[in-house]
Amino acid sequence: MSHSLEGKVVWITGGGTGIGRAAAKVLSRIGARVALSGRRKSALDDTLKELTGGPGAGLALPLDVADTASVEAAAKEIQASLGEVDILVNSAGLNLAKRRYHEMSVEDWQQVIAAN
């Protein structure tokens, strides 16, 4: 059985780098319309430039996934621009330079948990 993702809307958090970026490129290549979100607009824009599918095939929305209001606003913008989201890829994450437990503050730990 074969299923096509042609025209499906995919929202990828953490879409500017790493696994999110790789997923965006593959999903776009097989016909999905991709919405990217992440904290750094420049990384999202770089990824968007690499997507195939022509105009309207993608959208870049800078946001922090730990900010509920930003996520809700992005969801509305994606729906208005690309349509209803068919697939959600949660690849956003946060890491710290001082990631050993004895080096972390409570605030650092809470920031990681909120984003991841």
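Keep in mind that what you see is a predicted model, and the values were worked out from it rather than measured. By convention here, the first residue in the shown sequence is residue 1. We use all heavy atoms of the structure for the numbers below, so side chains are in, but hydrogens, waters and symmetry mates are not.
The nearest pair of heavy atoms linking G16 to T47 is O-OG1, 3.1 Å. For the pair T17 and A43, the tightest heavy-atom approach, listed with the atom from each and the gap, is CG2-CB, 4.2 Å.
Hydrophobic clustering (side-chain heavy atoms under 4.5 Å, transitive across Ile, Leu, Val, Met, Phe, Trp, Tyr) keeps V10 apart from V26.
Side chains of L63 and V71 form a contact here, defined as non-hydrogen atoms less than 4.5 Å apart.
Applying the side-chain contact (heavy atoms from CB on, under 4.5 Å) rule to V85 yields the partners V9, W11, I78; only residues at least two apart in sequence or on another chain are considered. Taking the side-chain contact (heavy atoms from CB on, under 4.5 Å) definition, one finds that E6 meets it with S4, sequence neighbours left out. E50 pairs by the salt bridge (charged side-chain N to carboxylate O under 4.0 Å, His left out) definition with R21, K25, not counting sequence neighbours. Evaluation of the side chain to side chain donor-acceptor pair (under 3.5 Å) rule for E84 yields Q79 as partners, not counting sequence neighbours. With sequence neighbours excluded, no residue forms a side chain to side chain donor-acceptor pair (under 3.5 Å) with D46. Every residue meeting the side-chain contact (heavy atoms from CB on, under 4.5 Å) condition with L48, not counting sequence neighbours, appears here in chain and number order: L36, L51, A60. With sequence neighbours left out, the salt bridge (charged side-chain N to carboxylate O under 4.0 Å, His left out) criterion links D45 to K41. Under the side-chain contact (heavy atoms from CB on, under 4.5 Å) criterion, E77 pairs with L59, L61, S81, not counting sequence neighbours.
Summarising the geometry, atom CZ belonging to R39 is positioned 6.5 Å from atom CG belonging to D64; distances are rounded to the nearest 0.5 Å. Note that CG of L82 and NZ of K8 are 14.0 Å apart. Values are rounded to the nearest 0.5 Å.
Exactly one of N90, I87, L27 qualifies for a side chain to side chain contact (heavy atoms under 4.5 Å, CB included) with I12. That residue is L27.
No side-chain donor-acceptor contact under 3.5 Å links S91 to the backbone of I19. With hydrogens and angles disregarded, no donor-acceptor distance shorter than 3.5 Å links the side chain of S28 to the backbone of A24.
Environment of CG in L88: crowded, with over 12 heavy atoms of neighbouring residues, nucleotides or ligands closer than 6.0 Å.
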